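Just so it is clear: chains get the letters A, B, ... in the order the sequence lines come, proteins before strands, and each one is counted from 1. Treat the numbers as computed from the prediction; the structure is a model and nothing was measured.
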Amino acid sequence: MDYTRQEMMAIATGREFSDGELAIFGVGLSMLAGFWAQKNHAPNLVAFTEGGVFGSTPVGGLPWGIEDNRISANATSFTNAVDALGCLVASGRVDNAVIGAAQIDKFGNVNTTGIWPAETPWSAGRYVLPKVRLNGSGGANEIAVGAKKYVIMVTHEKKRFADKVDYISSPGYLNGGNDRQKYNFVGGGPSAIITTLGILRPDPITKEFYLDAYFPFSSIEEIKENTGWDLKVSPDVKVVPEPTEEELANLREIDVTGSLRKK
Amino acid sequence: MDYTRQEMMAIATGREFSDGELAIFGVGLSMLAGFWAQKNHAPNLVAFTEGGVFGSTPVGGLPWGIEDNRISANATSFTNAVDALGCLVASGRVDNAVIGAAQIDKFGNVNTTGIWPAETPWSAGRYVLPKVRLNGSGGANEIAVGAKKYVIMVTHEKKRFADKVDYISSPGYLNGGNDRQKYNFVGGGPSAIITTLGILRPDPITKEFYLDAYFPFSSIEEIKENTGWDLKVSPDVKVVPEPTEEELANLREIDVTGSLRKK
Amino acid sequence: MRNKLISMQEAVAKYTWDGMQYAHGGALPVGTDSIAFGREMLKQGRKDLNVVSNCNTQQTNLLAAAGAIKRMEVGFAGLEVYGFANGLKRAVETGKTILEDYSNGSIPLRLLGGALNWPFVPATVNIGCDQEWCCADRPDEYPCQTKIPKIKDPFTGKEYGAFTVLKPDLAAIHVTMADAYGNAIMLGTEWSRYELSRAAKKVVLQADFIVDTDCMRQFPNLVRIPDVVVDAVVYWPLGAWPHCSTGVYDSDEKEMFAMNAALKTDEGYQEYRKKYVDSYNTWEEYLDMIGQEKIAQLTNNPTTFLMDPYRKWIKSDDAIKRLMSEGRQ
Amino acid sequence: MRNKLISMQEAVAKYTWDGMQYAHGGALPVGTDSIAFGREMLKQGRKDLNVVSNCNTQQTNLLAAAGAIKRMEVGFAGLEVYGFANGLKRAVETGKTILEDYSNGSIPLRLLGGALNWPFVPATVNIGCDQEWCCADRPDEYPCQTKIPKIKDPFTGKEYGAFTVLKPDLAAIHVTMADAYGNAIMLGTEWSRYELSRAAKKVVLQADFIVDTDCMRQFPNLVRIPDVVVDAVVYWPLGAWPHCSTGVYDSDEKEMFAMNAALKTDEGYQEYRKKYVDSYNTWEEYLDMIGQEKIAQLTNNPTTFLMDPYRKWIKSDDAIKRLMSEGRQ
């Protein structure tokens, strides 16, 4: 079957969502994966955006932002950031979510703030300026802290998969184990890292992410090569089932502009 | 001129409001005094209620409550309690207000919670049940803590004017002096106690309320007799000017049901 | 979206139980409240309630008169210009109801803290007064240090208080309009209903009108309670009576006084209950009990124009009954 | 009620100054924002700004590109699907702008804390991560203990953080509709504009439409920003361009990319400024600059039906000019 790595990643992410969950979607890939799940197998997945846009579906193309007219045209409720990110996300009410990452480490900590190729703040012991400034955390910090679980969606490249991220914008399992408890986070932490090559899941005890499954077009070797730490591989490592025709058809109905089809 | 003690009290209270102030009114007498001021001499007095009802005037009679349809019929904005009592009152934004009292003491502390004729919580050293349960503080606690200044409006009776109130529902100057500073209250405290007999004001240093002025129909003696502590009298004690014809006409236009005219 | 329209009986049976922490959603003591829901709780014999009440209303006045309220946290315990709340007053003075005092501004902030799942809420109010020093739950602690404990501002070192947050088991919230999925519009002051809808573990809406979801899509900024936080929707016209519902009906002045007078004694309560609680089952019987003449009078008021933009989406009683039976399938 | 309608020039001259703490009110990086107000600040040469920005927008992207932002607190610094914000990125990477990072949820809570005049806000987010440990204001403190200091929950003894509250000198807030007195209706997500309107010391509204106060009296529950918190009202049609304003116009996709591309370099910024900042004075000239064809295209979008209930109260340009000259008397 003809599908792209991006499409496989979106479908693998969407499969993480179950019917009846309360979910928060971001823009772009995250929203496509979520709305695909709703269309494909989770008709009662209830989603909203961090702006407090409720009950809507995209109209006229993939929204440019989560407050864009394309996601506001058929909303049933507009509230605000304190409501969506505070009362629903940071509070611990949201069942599932997706966030992105510029850089990720073996404990699922996410950096979306900047790139420090030489000295990082933690290696320098002071806040040095980033070489490349990125977007910051947005609402992902609230998701990381509060969501019952969430998926991290990221392009699988060695430079993105670091032993230790330059900057923790959204905390995963921090230094592993029960390190999240130090901060009394209500959320459960990341349940999966879904990449363009496969699916990583956290060890139940150490919380270090290991390779749980790879995509039909990738391999354990390719994944290990593109990971910046010595990635452990599950003895039961699986191949992710490739998209069914129906799954792919549903995705392409959602992805009207074909943004995922660019190879 | 023919006017009641209640009308004199309402007018004396209304005279405390200046044009351009941001004010919060309660129900009943307080609202009459406020809307009278707006009509009489302070056209740009801006008032709202603790429910977050903005821009309205009573329609069809004195409202039964500050959220009654009679005060909601011509509002320009409806918000909520956090907004009105939190963001506007407790925050320190409100310039002036009126609260009532079942019992008041020489430092302007107000009791609206209950009557303990024998043992009070502070004399018993434990929370004993009140003999007579009253309404509690409502939004008056926020006004007492946050308003830049406020008037306490109360019927002048000995049983209400106590050396020390049974229960402080809304703090005035507590034990006097700068005692409010202990709690970092942003508001300035009560500027006057206006009664059916006269006007008491706080000493600038000790914050003990003294008699500043009495009404044309009352006397220093009558007031001292009806006060439960040894009331100090200003050496410059004045007689409050009686209502002018215009003032009274304006009040009676506001008090359409004549609630203040019952003697 | 799930059709959440159920009957009043079902809602009370499913979402309330003895000893629960129950919050009711209204607008101060004269404005809207889920009073019909409270009547049904009485019919079903709920007792030992732990009530969160921003303000007392005729609902809590009635439940207290019935002896159903074991404990109540409150900002204001009266009925504004309608006077003291006799049923509640009697229950408190006789020790039947433990009343824990806060203020009208602190109850909503404590609900907001619950909604945000904060550990506590900073207290700049209700300190330096007997709301801090007197604790009805722990009467021997005076001045109480544990009800609103001291907390230091880490930036200035100054001392303030800390409130516990509120997360009631259930909030029964009166709204002007709801659709079958639980999207709701309130007219008039929200009071603390927004915070309540996020703080409570379960939310039941009691609506004056059921409207089509198209109404919500036309006015999404008015939908301050979206379906995601709502568990059930109950249609109950005139459901805040004898209080007012802005845009719909006035408070029933005569009945407000009469009801409160009745609740002054146990005999009065028993009579009231027979006449105004046990006498009906359906909303049609309830409306008959109020009487068509009275309803015509209360609904002819200077706020009714506020409902005009939404009338075309109002669902008929028949349509509502169809939706209710669909929802059950 | 005071007529607060003034010109854009007057509003910026009166309410902004060099070095001030300036907050802009928008809805994330693609939705509405007071962008026209920011252009006028640039015209008037404002500099050394200390900006409070829930999210970066093209306003802060432009001001940063101009070197006018000395310091900025932010939850999100990008442009969502439109990419990184090149002007801001450049200013941060070169050290021209000190960027202090928070998150999209914590900035509104800090504004709410400012609105409530709290000493601090409990932090359950932005802790256990580099928003806590890295402080751009005090770079030598690592891990920083003073940006989000630890605070103990007095009820459980557990440790959380504490945020400083925000009380900007000015909030310039974009709204869909305002009356001359400052009552305002927002369509679409409020984002943090409600909190901002209460937290800021002064508030200027930038409105797409000026409407009659009768509109507010018909829809008082939509008026989330009442006149009492507003100092001035500025009429500026298409004022969030090239962002979108829900119910009115779409984001201008071509211009969003072109503007951001221009801001990548100082030369690009200089050209942009000449063409899109210095080229107009009145709102008519501003609309000409955008072009009638483009405006027709942007205002023909699937959200325009959201404005329908309010159209009859929209004031004409002539009526607005009359109100502006009346207000000046």
Side-chain angles (χ1 to χ4, degrees), chain B residues 27-28 49-53 59-60 62-70 72-74 78-82 84-86 89-90 109 113 121-122 124-142 144-146 167-171 174 179-180 182-186, chain C residues 27-31 54-55 74-78 80-82 84 88-89 92-93 95 99 101-109 112 124-131 133-136 139-142 144 158-160 187-195 244 246 250-251 253 256 301-303:
Chain B
V27 276
T49 77
E50 63 185 85
V53 178
V59 170
L62 194 62
W64 292 99
I66 53 164
E67 74 290 19
D68 191 15
N69 285 347
R70 287 179 172 176
S72 300
N74 59 7
F78 291 127
T79 65
N80 51 58
V82 168
L85 286 173
V89 179
N109 300 302
T113 300
W122 55 262
R126 69 187 298 271
Y127 180 65
V128 289
L129 279 184
K131 179 84 168 46
V132 182
R133 169 69 208 195
L134 306 175
N135 287 338
S137 88
N141 188 274
E142 278 74 19
V145 163
Y167 182 108
I168 300 180
S169 314
S170 299
L174 295 159
D179 214 22
R180 283 175 68 92
K182 263 201 268 185
Y183 301 97
N184 298 300
F185 295 152
V186 293
Chain C
L28 298 108
V30 176
N54 195 342
C55 283
V74 80
F76 184 77
E80 293 182 273
V81 182
Y82 289 116
F84 296 113
L88 178 62
K89 191 170 182 292
V92 175
E93 289 169 0
L99 198 63
D101 277 288
Y102 287 90
S103 72
N104 278 353
S106 64
I107 297 266
L109 290 172
L112 181 63
T124 60
V125 297
N126 299 189
I127 54 175
C129 61
D130 277 295
Q131 284 92 317
W133 303 323
C134 289
C135 178
D140 290 334
E141 298 180 23
Y142 185 93
C144 187
K158 286 187 187 173
E159 218 168 50
Y160 295 89
L187 299 183
T189 168
E190 291 175 8
W191 196 225
S192 46
R193 287 178 284 172
Y194 166 88
E195 290 79 14
C244 70
T246 303
D250 267 346
S251 78
E253 299 176 13
M256 283 294 282
N301 70 67
T303 68

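- A side-chain donor-acceptor contact under 3.5 Å links B:E142 to the backbone of C:G105.
- Rounded to the nearest 0.5 angstrom, C:C129 SG and B:N141 CG are separated by 4.5 Å.
- Residue B:W64 comes nearest to C:V30 through the heavy atom pair O-CG2, 3.5 Å, listed as atom of the first residue, atom of the second, then distance.
- Using a 4.5 Å cut-off between heavy atoms, B:V132 touches chain C through backbone and side chain atoms alike.
- Annotation: side chain of C:D130 is not in contact with side chain of B:T113 (no heavy-atom distance under 4.5 Å).
- At a 4.5 Å heavy-atom cutoff, the contact between B:T79 and chain C is made by backbone atoms alone.
- No part of C:Y194 comes within reach of chain B, as not one of its non-hydrogen atoms sits under 4.5 angstrom from that chain.
- Top candidate by heavy-atom pairs under 4.5 Å with chain B, chosen from C:G95, C:G31, C:S251, C:S103, is C:S103.
- Heavy atoms closer than 4.5 Å to chain B are found in the side chain of C:N301, but not in its backbone.
- In this structure, B:Y127 and B:Y167 have perpendicular ring planes: the angle between them is above 60°, well past the 30° mark.
- The minimum heavy-atom distance between C:T189 and C:W191, with the atom names listed, is OG1-N, 2.8 Å.
- If you take CG on B:N135 and CZ on C:F84, they are separated by 5.0 Å, rounding to the nearest 0.5 Å.
- In this structure, no portion of B:T49 lies under 4.5 Å from any heavy atom of chain C.
- Side-chain contact between C:L28 and C:F76: absent, with no pair of heavy atoms (C-beta onward) separated by less than 4.5 Å.
- With values rounded to the nearest 0.5 angstrom, C:N126 atom CG is found 6.0 Å from B:S137 atom OG.
- For a residue to count as touching a neighbouring chain, one of its non-hydrogen atoms must lie under 4.5 Å from one of that chain's; by this rule B:I66 touches chain C with backbone and side chain alike.
- In this structure, chain C has a heavy atom under 4.5 Å from the side chain of B:R70, while its backbone stays farther away.
- Of the listed residues C:Q131, C:E190, C:K89, the one with more heavy-atom pairs under 4.5 angstrom with chain B than any other is C:Q131.
- Ranked by heavy-atom pairs shorter than 4.5 Å toward chain B, the options C:C144, C:G188, C:P29, C:C55 are led by C:G188.
- With respect to chain B, the highest number of heavy-atom pairs below 4.5 Å among C:E253, C:K158, C:E159 belongs to C:E253.
- Ranked by heavy-atom pairs shorter than 4.5 Å toward chain C, the options B:N74, B:V59, B:D68 are led by B:D68.
- By number of non-hydrogen pairs under 4.5 angstrom with chain C, the leading residue of B:V128, B:L85, B:N80 is B:N80.
- In this structure, the portions of B:I168 lying under 4.5 Å from any heavy atom of chain C include both its backbone and its side chain.
- For chain B, the nearby part of C:C135 is the backbone; its heavy atoms alone come within less than 4.5 Å.
- Nearest heavy atoms, C:A77 versus B:R133: CB-NH2, 3.9 Å.
- Contact record, B:S72 with B:F78: O-CZ, 3.4 Å, taken as the closest heavy-atom pair.
- Under the 4.0 Å criterion applied to side-chain N and carboxylate O atoms, C:R193 and B:E67 are not assigned as salt-bridge partners.
- The residue among B:L129, B:V89, B:L62 with the most heavy atom pairs within less than 4.5 Å of chain C is B:L129.
- Of the two parts of C:E141, neither the backbone nor the side chain holds a non-hydrogen atom closer than 4.5 Å to a non-hydrogen atom of chain B.
- Highest contact tally toward chain B, considering only C:D101, C:V92, C:L99, is held by C:D101 [criterion: heavy-atom pairs under 4.5 Å].
- Interface summary for chain B: among C:P139, C:S106, C:A136, C:P302, the most heavy-atom pairs under 4.5 angstrom belong to C:P139.
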